[in-house]
There are 2 protein chains.
Amino acid sequence: MTITIYDVAREAKVSMATVSRVVNGNPNVKPATRERVNEVIKRLNYRPNAVARGLASKKTTTVGVIIPDISNIYYSELARGLEDIATMYKYQTIISNSDNDPVKENEIFNNLLSKQVDGIIFLGGTLSADTLAMIQSTSVPVVVSGTNDGDESLPAVNIDYAQASTEIIERLLEQGVKRFAFVGGGYSEKARQDVQAGIERVLKEHNLALDPAAVYKGNEQYLDGEKAFNALKDTKPEAILCISDEQAIGIVHAAQDAGIKIPEELQIISFNNTRLVQMVRPKLSSVMQPLYDIGAVGMRLLTKYMNEEDIEDKNVILPYKIDYRGTTK
Amino acid sequence: MTITIYDVAREAKVSMATVSRVVNGNPNVKPATRERVNEVIKRLNYRPNAVARGLASKKTTTVGVIIPDISNIYYSELARGLEDIATMYKYQTIISNSDNDPVKENEIFNNLLSKQVDGIIFLGGTLSADTLAMIQSTSVPVVVSGTNDGDESLPAVNIDYAQASTEIIERLLEQGVKRFAFVGGGYSEKARQDVQAGIERVLKEHNLALDPAAVYKGNEQYLDGEKAFNALKDTKPEAILCISDEQAIGIVHAAQDAGIKIPEELQIISFNNTRLVQMVRPKLSSVMQPLYDIGAVGMRLLTKYMNEEDIEDKNVILPYKIDYRGTTK
DNA sequence: CTGAAAGCGCTAACAG
DNA sequence: CTGTTAGCGCTTTCAG
């Protein structure tokens with residue numbers, strides 16, 4: 001029924017070892033033999049069984065991808081970059097949603113390891129102590145993209161979040177902005193902390209402080225933007241920094257609905273830089289993260305680990321740009 | 001090094017068959033034995049090798065998902081529904097981007113089959129003759145969600161696109177709208193045709209016809225909305241039906257930038273119903289497709305095929321609703 | 001350049 | 001309830 005390497009060998013009058021060599025591009029096969037084998041492969045429509053191959057070779061050419069929410073554009077954009085590179089290096093990807101739930105995340109790691117993936121790339125979530133311990137005890141390489149583990153022990157690809165927020169705040173201060181608000185949370189607590197740290201650093205240099213009431217944590221979706229706006233409006237912010245674009249758009253609309261002029265009375269800037277930023281009026285100002293590249297470079301880094309190549313730099317910091325569009329002055 | 005079922009067996013002083021039974025929840029094990037085995041499993045931190053298991057059992061509890069573009073919200077929303085059901089039934093998913101390229105699509109099918117997936121779910125793309133032939137010649141079940149193959153031979157989950165467009169056109173005609181335009185294309189040619197057929201049917205009943213110059217095909221992204229608007233504006237449409245939300249939003253903005261009042265002078269309605277519809281002002285009117293369910297039901301259908309359950313209905317038509325929001329009168 | 005043979009780690013009859 | 005025994009389909013020494 002399903003035809004195997006053995007069928008091909010018999011039909012081509014060679015041993016299965018030779019068929020294996022042909023299939024794997026081993027040069028030690030006489031051209032004539034190779035041709036004959038290839039002819040039989042085509043004729044019989046032979047398709048190598050990757051599972052058997054994986055068992056025998058202890059390599060599956062498969063990498064696992066852990067993502068908090070695939071329907072979040074930020075992550076699907078990272079996934080896109082990473083997939084392209086994976087394909088380029090002939091790896092398949094198993095993408096799993098963790099829902100940012102530590103238990104699910106742990107299960108996913110377990111599944112992935114039991115599937116014998118050659119590597120894992122982690123795009124955001126919690127990375128509980130349990131999971132971290134599991135990672136430490138396995139020899140399967142793990143790379144983190146677009147977020148960070150708590151102690152930065154894992155190889156990672158990121159931008160400098162703190163630096164970006166620092167820059168933004170400095171500019172706003174020059175404009176005379178006094179009251180800031182910060183909205184973040186959700187999938188990457190570490191990035192959130194970095195951004196907040198950056199804000200507080202500059203503010204402190206100017207003998208100012210971030211009002212705790214002006215810090216909103218919560219989900220990162222559109223409707224959470226409304227909630228955030230309502231929660232913050234009593235602090236009368238003149239500028240809001242918001243991690244998520246989608247949520248920032250919610251804030252823009254909630255503010256507009258409340259009769260607040262953007263950017264004249266309220267400036268808004270986001271960090272995710274998905275293609276949503278151009279889909280609002282005024283267009284959303286944001287930190288231009290190279291999303292595709294964060295995914296792509298992460299996967300490239302992982303391939304280096306999987307092939308045991310030299311790693312120059314296990315922590316890659318990619319450049320960012322700040323694009324001041326319509327929601328800032 | 002990596003510990004196997006054999007190590008557990010030796011340590012627990014049972015045969016590997018017994019360990020296998022415990023791991024697989026086979027009831028034919030004395031509780032005391034089961035407990036002892038479980039203790040050893042935990043102590044040794046044994047993790048079954050899914051690859052070996054797959055080879056021996058000829059089942060991988062993995063399904064392949066083929067998607068034209070994971071960063072397209074429409075598809076990532078389907079993927080979300082499908083993933084949840086897959087997880088519920090203990091299947092893992094391998095998601096691959098086809099980029100709507102027949103060659104890549106074919107390769108993906110090949111890879112998936114060589115990985116011995118238990119089933120495949122197809123979310124949109126081309127389904128070339130080659131690929132269709134490959135599907136026919138394999139015993140691995142394939143289900144299509146949110147689109148259709150040309151001859152509807154494969155099990156599929158959809159809404160009635162033609163009916164939806166018919167309804168929309170009838171309403172617009174009642175309002176006295178005379179000049180229609182249609183924008184579609186991209187990932188599901190079949191859905192596009194269905195929508196267009198629906199439009200033309202009603203128009204014909206009213207002795208009208210769709211101006212060929214008022215039909216625009218192309219990509220489905222925001223910037224393509226601008227292009228579409230420019231290409232169509234000479235036909236002076238009073239209403240535009242557009243498959244993609246993202247593209248529809250592009251049209252809305254392009255029209256607004258041209259000084260056209262929406263919905264007074266131009267009505268716009270889309271079909272994808274992603275959460276983008278609420279992220280524009282005015283809010284986008286659209287056909288409310290049950291995206292999550294289209295994915296979820298597709299996966300459920302696939303599990304039935306994989307378990308060889310009875311199938312009542314290989315073509316599932318899910319209900320839709322039309323939500324007339326701000327971009328229609 | 002080619003073949004023989006020994007597994008990879010597990011499941012699944014088959015006995016008992 | 002438990003153990004023995006064949007494989008699953010392929011890669012990989014090791015000889016020659």
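Reminder, nothing fancy here: chain letters follow the sequence lines and each chain counts from 1.
For the pair Met16(A) and Ala52(B), nearest-nucleotide mapping onto DNA chain C gives the more 5' position to Met16(A). Toward the 5′ end of DNA chain D lies the nearest nucleotide of Arg36(B), the other residue of the pair Arg36(B) and Asn24(A) mapping further downstream. Residue whose closest nucleotide on DNA chain D sits further toward the 5' end, between Lys13(B) and Leu55(B): Lys13(B).
Going from atom CG of Asn72(A) over to atom CD of Glu77(A) covers 10.5 Å, rounded to the nearest 0.5 Å.
Nucleic acid contact class of Val14(A) (heavy atoms, under 4.0 Å, all strands): sugar-phosphate only. Note on Thr4(B): only backbone sugar-phosphate atoms sit closer than 4.0 angstrom, heavy atoms only; bases stay farther off. Residue Asn49(B) is classed as a sugar-phosphate contact, given heavy-atom separations below 4.0 Å to backbone atoms only.
Side-chain polar atoms of Arg47(B) and Asn110(A) form a donor-acceptor pair below 3.5 angstrom.
Put simply, the side chain of Gln289(A) reaches to within 4.5 Å of the side chain of Ile294(A), judged on heavy atoms. Proximity of Thr61(A) to Lys90(A): side-chain heavy atoms (C-beta onward) are nowhere separated by under 4.5 Å. Contact annotation: the side chain of Arg80(B) approaches that of Asn97(A) to within less than 4.5 Å [non-hydrogen atoms, C-beta and beyond].
Note that the first and last nucleotides of DNA chain C, 5' to 3', having any atom under 4.0 angstrom from a heavy atom of chain B are dG9(C) to dA13(C). In summary, contact between chain A and DNA chain D, defined as any nucleotide atom under 4.0 Å from a heavy atom of the protein, begins and ends at dG9(D) to dT12(D) in the 5' to 3' direction.
The backbone N or O of Ile95(B) sits nowhere less than 3.5 Å from a side-chain atom of Thr93(B) that would complete a donor-acceptor pair. Between the side chain of Asn26(B) and the backbone N or O of Asn28(B), at least one donor-acceptor pair lies under 3.5 Å.
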Could you pull out every donor-acceptor pair under 3.5 Å between side chains of residues 52-60 of chain B and any protein atom, sequence neighbours left out?
residue, atom, partner, partner atom, Å
Arg53(B), NH1, Asn24(B), OD1, 3.0
Ser57(B), OG, Arg53(B), O, 2.8
Ser57(B), OG, Lys59(B), N, 3.3
Ser57(B), OG, Lys59(B), O, 3.4
Thr60(B), OG1, Gln116(B), O, 2.8
Thr60(B), OG1, Asp118(B), OD1, 3.4

